[in-house]
2 protein chains.
Amino acid sequence: MTSTPMQTGYTIGECARRSGFSMDTLRYYERVGLIDDVDRTATGQRRFSDAHLEWLGTLKCLRDTGMPVEQMCRFARLVRDGDATVPERIELLQVHREAVNERIADLDAKRDYISGKIAYYQGLQ
Amino acid sequence: MTSTPMQTGYTIGECARRSGFSMDTLRYYERVGLIDDVDRTATGQRRFSDAHLEWLGTLKCLRDTGMPVEQMCRFARLVRDGDATVPERIELLQVHREAVNERIADLDAKRDYISGKIAYYQGLQ
DNA sequence: CTAGGACTTGGAGTGGACTCCAATGCAAAC
DNA sequence: GTTTGCATTGGAGTCCACTCCAAGTCCTAG
């Protein structure tokens, strides 16, 4: 049904479908250092691993919650630099989570404002 | 303390401070048709009214909840076109509110994922 | 009266995050 | 073995929503 890995690992197209990023975005992320150690076939095509897919899941989460690419790069660097950076990673994620909390609270308040507007308009009918 | 309206109404600077938009953004919004009927002094300076400030509050809410400028323009047009468009405005706001709801739900889920990551890292310590 | 800050314009520039392109090579299906 | 379509590259282009600029005018405090 779905294509089988031809050597081993996922082609960029398969990886795009599974990760939710476009192929272009995956190449871009590799270029800026968000993705590492991508295998290549003898002829130069990328082959992504399950570990990559998991990492991409994390990236997707961070990106979709509004973390700038540059900060994700910092996180990626920490991960690359090994266990000693765990406290820094915790710190970074906690700060980000707080930003997400604030964003949610803001959206929540503003949704109420919108609901108020809707109710007002409905009162006019 | 704060500047008094020199004729009547707020200068663009005052309006910027009160609305949370920059002066440049206010001029840009006027250009694209999001703001209407701004008075001018004899020498051409803008003077915003309280009604403008209220409208800007609505714009801020829509913008901060992710509505694209183009869709805000559509809403502005509906408002300009008078009472007959109230049902359409309700529809537009309801659709937008639903988008906000989905955004909140998504952020919520992803915050949990982040919390999971944090807990995992803390388990390593 | 003068200094210094606020305001005007049209248009150009910015930033972030992709997204597309052309020319070319590779691979799976029939 | 050829077609169909997926993959490669570097670099250019796009999109959105501002944001900045230069050159000039205006306004108010002292």
Side-chain angles (χ1 to χ4, degrees), chain A residues 1-35 38-49 52 56 59-76 96 99 103, chain B residues 1-35 38-49 52 56 59-76 96 99 103:
Chain A
M1 212 197 156
T2 301
S3 67
T4 326
M6 25 242 95
Q7 302 202 341
T8 177
Y10 310 104
T11 63
I12 194 168
E14 184 65 14
C15 187
R17 241 168 306 119
R18 290 185 189 233
S19 69
F21 291 113
S22 74
M23 297 193 311
D24 272 319
T25 299
L26 290 174
R27 286 189 278 245
Y28 164 67
Y29 278 7
E30 193 186 13
R31 244 187 298 149
V32 299
L34 279 175
I35 311 175
V38 182
D39 280 355
R40 299 294 184 123
T41 64
T43 56
Q45 293 193 1
R46 290 172 184 81
R47 290 298 181 268
F48 292 88
S49 68
H52 283 120
L56 286 169
L59 291 185
K60 192 115 191 52
C61 171
L62 296 179
R63 192 68 203 82
D64 286 353
T65 49
M67 185 181 285
V69 167
E70 193 170 324
Q71 203 179 334
M72 298 200 309
C73 288
R74 202 191 131 216
F75 184 65
H96 181 60
R103 183 88 185 99
Chain B
M1 212 196 155
T2 300
S3 68
T4 325
M6 24 242 94
Q7 302 202 342
T8 178
Y10 310 103
T11 64
I12 194 168
E14 184 66 14
C15 187
R17 242 168 305 120
R18 290 187 189 230
S19 69
F21 291 112
S22 72
M23 295 193 310
D24 272 319
T25 299
L26 291 174
R27 285 189 278 247
Y28 164 67
Y29 278 8
E30 193 186 14
R31 244 187 299 149
V32 300
L34 279 175
I35 312 174
V38 182
D39 280 354
R40 299 293 185 124
T41 64
T43 57
Q45 293 193 1
R46 292 172 183 80
R47 289 298 181 270
F48 293 88
S49 68
H52 283 121
L56 287 169
L59 290 185
K60 192 115 191 52
C61 171
L62 296 179
R63 192 68 205 82
D64 286 353
T65 49
M67 185 181 285
V69 167
E70 193 170 324
Q71 203 179 333
M72 298 201 309
C73 288
R74 202 191 131 217
F75 185 65
H96 181 59
R103 183 87 186 98

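Fair warning: this is a prediction, and the values are worked out from it, not measured in the lab.
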Tell me: CZ of B:Phe21 to P of D:dT19, nearest whole Å?
-> 11 Å
Check each residue of residues 22-35 of chain B for a non-hydrogen atom within less than 4.0 Å of any atom in DNA chain C, then write out the ones that pass by number, or none.
-> B:Met23, B:Arg27
Value in whole Å for how far the P atom of C:dG15 lies from CD of A:Gln71 | 19 Å
Which atom of B:Tyr28 lies closest to which atom of B:Val69, heavy atoms considered = OH-CG1, 4.1 Å
Are any of B:Thr43's side-chain N or O atoms less than 4.0 Å away from OP1 or OP2 of D:dC27?
-> yes
For residues 59-67 of chain B, which residues have at least one heavy atom under 4.0 Å from DNA chain D?
-> B:Arg63
Nearest heavy-atom approach of A:Cys73 to A:Leu34 is N-CD2, 3.5 Å
Give the minimum heavy-atom separation between B:Tyr29 and B:Met72, together with the two atoms involved.
-> OH-CE, 3.9 Å
Is there side-chain contact between A:Arg63 and A:Leu59, with at least one heavy-atom pair below 4.5 Å?
-> no
From CZ of B:Arg40 across to C1' of D:dC26 the rounded distance in Å is 14 Å
Could you tell me the separation between the CZ atom of B:Arg17 and the C1' atom of C:dA6, rounded to a whole number of Å?
-> 10 Å
By salt bridge (charged side-chain N to carboxylate O under 4.0 Å, His left out) - contacts of B:Arg27 (at least two apart) | B:Asp24
Would you mind reading off the distance between B:Glu14 atom CD and C:dG5 atom P, rounded to a whole angstrom?
-> 18 Å
For the residue pair A:Gly13 and A:Met23, what are the closest heavy atoms and their distance?
-> CA-SD, 3.7 Å
If every non-hydrogen atom of A:Ala16 is compared with every non-hydrogen atom of A:Ser22, which pair is closest and at what distance?
-> CB-C, 4.1 Å
Candidates D:dC27, D:dC18, D:dT8 - which lies nearest the side chain of B:Gln45 | D:dC27
Earlier contact from the 5' end, DNA chain C, for B:Arg46 and A:Pro68 = B:Arg46
Atom-to-atom span, CD1 of B:Ile12 to P of C:dA6 - whole angstrom | 13 Å
List the steps, then state whether side chain to side chain contact (heavy atoms under 4.5 Å, CB included) holds for B:Val38 with B:Arg47.
-> CA-CA 6 Å; B:Val38 182; B:Arg47 289 298 181 270; 5.9 Å; no
Nearest heavy-atom contact between B:Gly33 and B:Ala76 is O-CB, 3.9 Å
